[in-house]
Amino acid sequence: MILFKAAMTVRTRFAPSPTGFLHIGGARTALFSWAYARRHGGTFILRVEDTDVARSTPEAVQAILDGMRWLGLEHDEGPFYQMQRMERYKAVVAQMLAAGSAYHCYTAPEELDHLREDQRARGEKPRYDGRWRPEPGKTLPEPPAGVAPVVRFRNPLDGVVAWDDQVKGRIEFANAELDDLIIARADGTPTYNFCVVVDDWDMGITHVIRGDDHVNNTPRQINILHALGAPVPLYAHLSMILGDDGQKLSKRHGAVSVTQYDEDGYLPEAVINYLGRLGWSHGDEEIFSREQFVEWFGLDHITPSAAQFNTEKLNWLNQHYIKHAADAYLASEVARRLAWRRIDTESGPALERVVTLYKDRVVNLNELADTVEPFFVEIHASAEMLGTHLTADARTALTALRSRLAEVEWQKPALSAAIKETCAALGIKMPQVAIPLRVALLGQPQSPSIDAVLEVMGRTAVLARLDRYL
RNA sequence: GUCCCUAUCGUCUAGAGGCCUAGGACAAUACCCUUUCACGGUAUGAACCGGGGUUCGAAUCCCCGUGGGGACGCCA
């Protein structure tokens, strides 16, 4: 059987409006759209919905692009900017006006406000009453002089609009619930619901994957598509992501940029994995790479209900990815972070070796940078720490150890033996020398295996640091 | 108010009428490992919102409540 591949090619899009950074909810929507296109060998399109001139900014566009790049969600086409497609929208509006599927409305905004107030007072759903809608046999009011009209879509009066939502199942709306929405403002600029329809049509979008706050827009968009004689794409509405506290995420409450996760020490692999698992599942699978996710991803098995963000689980994944990351990769991440602190990692022990020591002991990259830092800067234990750990007995032990360290072969087994011999000679236990040694070298009583620390730090640095206290 | 969506452990979820004594993961607790702190391992507690149906049988299907969310803009 021969299939028309071109006709079946999946085309998805991510269409953020540049009024702020890319937050976690938008990132998941982008991830799912991207993954769906990748899964089916399709095309992923980035479209910037910047028709709200008052609130859109170039900085926000850049922030979104940065977020996408950090997550590794590369688009195949675009970014397209709606502001650059004005001519096309205006042409379609003119076409609809000519065809009678849209009409001019001269109702002033204040009049609309009154109308809505009255309707609410009566317990009705606020909506435009169709006073300028042309009907056979109906006499329209005389257009007021000097008033620029808006253009409204002539929505069907009865019947239902329905679609099989790919995540929520069949959804139906009675046309009677829908009013005639404005598709072009008085100044001639088109509005959101209209631009989306024209763009999705022009760009050949086959699957609209977006946030579930758009469910109510869908029937209107479908009606416009019908009026235009355009094909109706498949819709998949993703439920929202709630904050860690179960509250809705908003700019004022909890919403942060995905790039903030970078600054906070998260690996993009961990964020992708976490987001992929939030609201989607593949049986009991918890840990999967970006590639594995793409291979498994589908629109079925997406949860229709809202999900609460859980930082603990993200941390767990981040820890996992750090533990399993290549040392060179980790070293470059840590170097970048230490550079933020103006710490030079070029001199001193090989960063990769230090990172190896700590990678399975931390949950994020900043913490890794914290633990690695003492290897590259002169650190001094606090007076309290010294008082507690560098007692007279401890100094005696360290002095004894120092003479062995001065000549021992600088390899873990020999270093370990030197410590054990010192303990045996003095009749003390391991911790009695290992802990003061940690404090002297790193300024803190915990560290990985002390022999490993010695080996990586190097003889010169170890002896120099010890001598400060002996 | 009206319309739309939604409901399994604290959290993310598995579950497509019998496989469910409801599984996994995070988190929690306990123990083990250990030169410290972690890591790791083992174990334990923890859920089908309520009420009606349908059916021999319901976490799964239907209806009604209730809770939660979204929308009702010349915002997107």
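Here is how names work: the chains are called A, B, and so on, in the same order as the sequence lines, proteins then strands, and each is numbered from 1. Reckoned from all heavy atoms, side chains included, excluding hydrogens, waters and symmetry mates.
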Novice: Would Phe288(A) and Trp280(A) count as a close aromatic pair, with their ring centres under 6.0 Å?
Specialist: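 Centroid separation for Phe288(A) and Trp280(A): below 6.0 Å.
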Novice: Look at Asp199(A) together with Arg85(A) and state whether they make a salt bridge at an N to O cut-off of under 4.0 Å.
Specialist: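 Salt bridge between Asp199(A) and Arg85(A), a charged N being under 4.0 Å from a carboxylate O: yes.
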Novice: Give a yes or no on whether the ring-centroid distance for Phe297(A) and Phe32(A) is below 6.0 angstrom.
Specialist: yes
Novice: Please determine, for A25(B), whether a Watson-Crick or G-U wobble partner exists with both distances under 3.5 Å, and give it or none.
Specialist: U11(B)
Novice: Please give the nucleotide sitting opposite G1(B) as a Watson-Crick or G-U wobble pair, both distances under 3.5 Å, or none.
Specialist: C72(B)
Novice: Select one nucleotide: of A7(B), A16(B), U36(B), the one nearest the side-chain heavy atoms of His301(A).
Specialist: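 Looking only at heavy atoms from C-beta outward on His301(A), the closest nucleotide is A16(B).
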Novice: Counting only Watson-Crick pairs (N1-N3 plus N6-O4 or O6-N4) and G-U wobbles (N1-O2, O6-N3), all under 3.5 Å, who is the partner of C31(B)?
Specialist: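 With both distances under 3.5 Å, C31(B) matches G41(B).
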Novice: Less than 6.0 angstrom separating the ring centers of Phe14(A) and His75(A), yes or no?
Specialist: no
Novice: Which nucleotides of nucleotides 59-67 of chain B have their base under 4.0 Å from a protein heavy atom (B), which only their sugar-phosphate (S), and which neither (-), written as one string 5' to 3'?
Specialist: ---------
Novice: Could you tell me whether Tyr192(A) and His214(A) have their ring centroids closer than 6.0 angstrom?
Specialist: yes
Novice: Among Phe309(A), Trp316(A), Tyr321(A), Tyr266(A), find the residue that satisfies the ring pair (Phe, Tyr, Trp, His ring centres under 6.0 Å) test when tested with Tyr274(A).
Specialist: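 It is Phe309(A); the other options fail the test.
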Novice: Closer to the 5' end of RNA chain B via nearest nucleotide, is it Trp316(A) or Ala108(A)?
Specialist: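 This one resolves to Trp316(A).
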Novice: Searching all strands shown, indicate the nucleotide that pairs with C49(B) (Watson-Crick or G-U wobble; both distances under 3.5 Å).
Specialist: G65(B)
